[in-house]
Amino acid sequence: MRAARFLGTRLQTGFRKGLAVSCAAAVALPLISSSALGPAPAFAQAGRKGLSLVRDAEIEGLLRDYATPIFRVANVMHSEPEIILVNDKSFNAFVPDSRRIFINIGVIMQAETPGEVIGVLAHETGHIEGRHLVRLRSAATNAQIMSVIGMILGAGAVAAGAASGSGTAASGGAAAAVGAGSVGQRTFLAYRRGEEVAADRAALRYLEATKQSARGMLATFDRMAGQEMFSARLVDPYAVSHPMARDRFRALETEARKSPYFDKPDDYILQYRHDMAKAKLLAFTSHPSAVTRRYPNSDKSLPAQYARAIAALQSRSRSAVGMIDALIRQHPNNPYFHEIKGQALIESGNPAAAVAPFRRALELRPHESQFKIWLGYALVASNNDAVLPEAERLLRQALQSDPNSSIGYSQLAIAHSRQGEVAEADLATARSLMVRGDFEAAKRYAARAQQKLNRGSPAWLQADDIVSYTPPQMERR
């Protein structure tokens, strides 16, 4: 995968640029990789060590819809837990604090039904409600992982503070992706067995309260329990960090089957959205030949058409736009199809033509920050100075709600520079570099911006936050 882009555009710059990888390029799905922006999932890699994150409006929206009923009955909505996608195909998830659940894209790619993903989210929510987190952190087997998370959140706080217009770095906000590499190959946290049982039971309670079946959750945990029969080298990290003894699974199954909703089927709309998300992730993260094997031309389903269109975009085929237009004709009000079309046009070197589909996506989802960044990106890349004020406005709006988009900041820097606003351009560049994890370069640009800004002004204070930032030291294993 190339630089991150939006997932819609390939991950903000990425998955291909298809999915956006949070690495400094803010990831936004429609798959954007760490250097791309756009509709595709974006894989952002901010830093040289640590987590590689993915951003995608479509998939993030699906996960929010999965989780919101669970969060509500668990009474954790007040902490506004954020679900953060990790660019790793292994099956894993973890919670580092009360406001974030990290979940590998492999969970979605391996799950056959929405219930399997909902079960994972319910289980992790059980850890949040049970306040297991402090103990979990103290029991972490990989201290470096927690240090990386601290670095991600610290850098994100500084970027968010700068974006807010205040001189004080704000806490919270989406995490920026730090570092490259596969996190799924190691255990995030060593959960205590007692806390795992408590989280299991809490998950069953949430599913019962929301009138959902626990069948999907059982399917996932049954698979994990079965891995105990294999060598540690082959066991999925989720099974390692969440020990699933067979007797524990059986106890869970006994309780789950008592529910009147156990045989309730998955919602067919959620199943359709789940299948579309799987197709998108496979297409953005796999070779086109793998897409063809999984979705041959004989498969006329919408997920298959979606995957083949993204594969064509990934391979820069001239047929990509036509294939996406066929999707739009079937579902003209699907904003993610318009996003993907805009990404394909940018990929083909025609950003001016990409403006219209990105506008349409934003009309359909007017509050989607990733669409605003895509549209701002297309406007800047169109080389029409008359639209730069609009691009700047859109990018600023997007960064207020999504302050960890490296792509958004980098495009804002270009817009400022082309309008002769050198100090503002340097500050936006510094913010972009912070999100990417290149702290030294960020400090240089921030210091340069300070020299041209009025001392004590909001912009000067924002630059000073970056100049003064000291990332936590990485702990050795």
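Note that the structure is a prediction, hence the values are computed from the model and not measured.
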Could you list all the ring-ring contact (aromatic ring centres under 6.0 Å, His included) pairs where at least one residue sits in residues 305-334, not counting sequence neighbours?
-> Y306-F337

Under 3.5 Å: donor-acceptor pair, side chain of S432, backbone of A428 | no

Are L388 and D385 close enough that some pair of their side-chain heavy atoms sits under 4.5 Å apart?
-> yes

What's the shortest heavy-atom distance between N92 and V107, and which atoms?
-> O-CG2, 3.3 Å

Got a donor-acceptor contact below 3.5 angstrom from the E58 side chain to the Y336 backbone?
-> no

Is there a side-chain contact between I103 and V117, using heavy atoms and a 4.5 Å cut-off?
-> yes

Main-chain N/O of A413 paired with S417 side-chain donor or acceptor, under 3.5 Å | no

Can you tell me how far CD of Q110 sits from NZ of K278, rounded to the nearest 0.5 angstrom?
-> 9.0 Å

Listed by chain and number, what are the side-chain hydrogen bond (donor to acceptor under 3.5 Å, both in side chains) partners of S319, not counting sequence neighbours?
-> S317

Taking S348 for the side chain and L345 for the main chain, is one N or O donor matched with an acceptor at less than 3.5 Å?
-> yes

In short, A122 meets I70 closest at the heavy-atom pair CA-CG2, 3.9 Å

Would you say V380 and R418 make side-chain contact, with heavy atoms under 4.5 Å?
-> yes

Mind checking what makes salt bridge (charged side-chain N to carboxylate O under 4.0 Å, His left out) contact with K89, not counting sequence neighbours?
-> none

Within the side chain of S315, is there an N or O that forms a donor-acceptor pair under 3.5 Å with the backbone of A312?
-> yes

Residue pair P403 / V435: nearest heavy atoms and the distance that separates them | O-CG2, 3.9 Å

Counting distance only, does the side-chain N/O of S401 pair as donor-acceptor with the main-chain N or O of A398 below 3.5 Å?
-> yes

So do the side chains of V387 and S382 get within less than 4.5 Å of each other, counting heavy atoms only?
-> yes

Drop me the distance from L282's CG to M109's CE, to the nearest 0.5 angstrom.
-> 5.0 Å

Identify, with sequence neighbours excluded, every residue that meets salt bridge (charged side-chain N to carboxylate O under 4.0 Å, His left out) alongside R444.
-> none

Out of R431, K443, R448, which one pairs with D426 under the salt bridge (Lys or Arg N to Asp or Glu O under 4.0 Å) rule?
-> R448

Heavy atoms of other groups near Y445 OH, more than 12 under 6.0 Å = no

Any chance you could measure E116, atom CD, to I108, atom CD1, to the nearest 0.5 Å?
-> 12.0 Å

Just distance, no hydrogens or angles: give the donor-acceptor pairs under 3.5 Å from side chains in residues 390-397, sequence neighbours left out.
{"from": "E390", "atom 1": "OE1", "to": "R359", "atom 2": "NH2", "distance (Å)": "3.0"}
{"from": "E390", "atom 1": "OE2", "to": "R359", "atom 2": "NH1", "distance (Å)": "2.7"}
{"from": "E390", "atom 1": "OE2", "to": "R359", "atom 2": "NH2", "distance (Å)": "3.1"}
{"from": "E392", "atom 1": "OE1", "to": "Q419", "atom 2": "NE2", "distance (Å)": "3.0"}
{"from": "E392", "atom 1": "OE2", "to": "R396", "atom 2": "NE", "distance (Å)": "3.2"}
{"from": "R396", "atom 1": "NH2", "to": "H416", "atom 2": "NE2", "distance (Å)": "3.1"}

Which distance, rounded to the nearest 0.5 Å, do you find between the CZ of F358 and the CD1 of I373?
-> 11.5 Å

Return yes when atom CG of N454 has more than 12 non-hydrogen atoms of other residues, nucleotides or ligands closer than 6.0 Å, and no otherwise.
-> no

Between S405 (side chain) and D402 (backbone), is there a donor-acceptor pair under 3.5 Å?
-> no

With sequence neighbours excluded, what pairs up with E421 under the salt bridge (charged side-chain N to carboxylate O under 4.0 Å, His left out) test?
-> none

Heavy-atom donor-acceptor pair, H274 side chain to A111 backbone, under 3.5 Å | yes

Could you pull out the closest heavy-atom pair between A309 and A320, with the gap in Å?
-> O-CB, 4.3 Å

Kindly indicate whether the side chain of L270, heavy atoms from C-beta on, has any atom under 4.5 Å from the side chain of L62.
-> yes

Would you please test I101 and H127 for side chain to side chain contact (heavy atoms under 4.5 Å, CB included) and show each step?
-> CA-CA 10 Å; I101 296 176; H127 284 301; over 6 Å; no

Scan side-chain atoms only and decide if S90 and D88 contain a donor-acceptor pair under the 3.5 Å cut-off.
-> yes

Would E129 and N75 count as having a side-chain donor-acceptor pair, cut-off 3.5 Å?
-> no

Working for side chain to side chain contact (heavy atoms under 4.5 Å, CB included), residues L63 and L85 = CA-CA 10 Å; L63 291 175; L85 283 163; 3.8 Å; yes

H338 side chain vs N333 backbone, donor-acceptor pair below 3.5 Å = no

Roughly how far apart are H367 NE2 and L362 CG, rounded to 0.5 Å?
-> 9.5 Å

Would D275 and Y272 count as a side chain to side chain contact (heavy atoms under 4.5 Å, CB included) if you check the C-alpha gap in whole Å, the side-chain angles of each, and the deciding distance to 0.1 Å?
-> CA-CA 5 Å; D275 293 342; Y272 158 76; 5.6 Å; no

R273 (side chain) donor-acceptor with P114 (main chain) under 3.5 angstrom = no

At their closest point, which heavy atom of A57 faces which heavy atom of F371, and how far apart are they?
-> CB-CE2, 4.2 Å

Measure the spacing between CD of E124 and CZ of R100 and express it to the nearest 0.5 Å.
-> 15.5 Å

Going through the distances and angles, do I105 and N87 end up as a side chain to side chain contact (heavy atoms under 4.5 Å, CB included)?
-> CA-CA 6 Å; I105 61 173; N87 178 23; 3.8 Å; yes

Should L375 and V355 count as side-chain neighbours, where that means a heavy-atom distance under 4.5 Å?
-> yes

Smallest heavy-atom separation, L364 atom then P332 atom, equals CD1-O, 4.2 Å

Should R99 and P81 count as side-chain neighbours, where that means a heavy-atom distance under 4.5 Å?
-> no

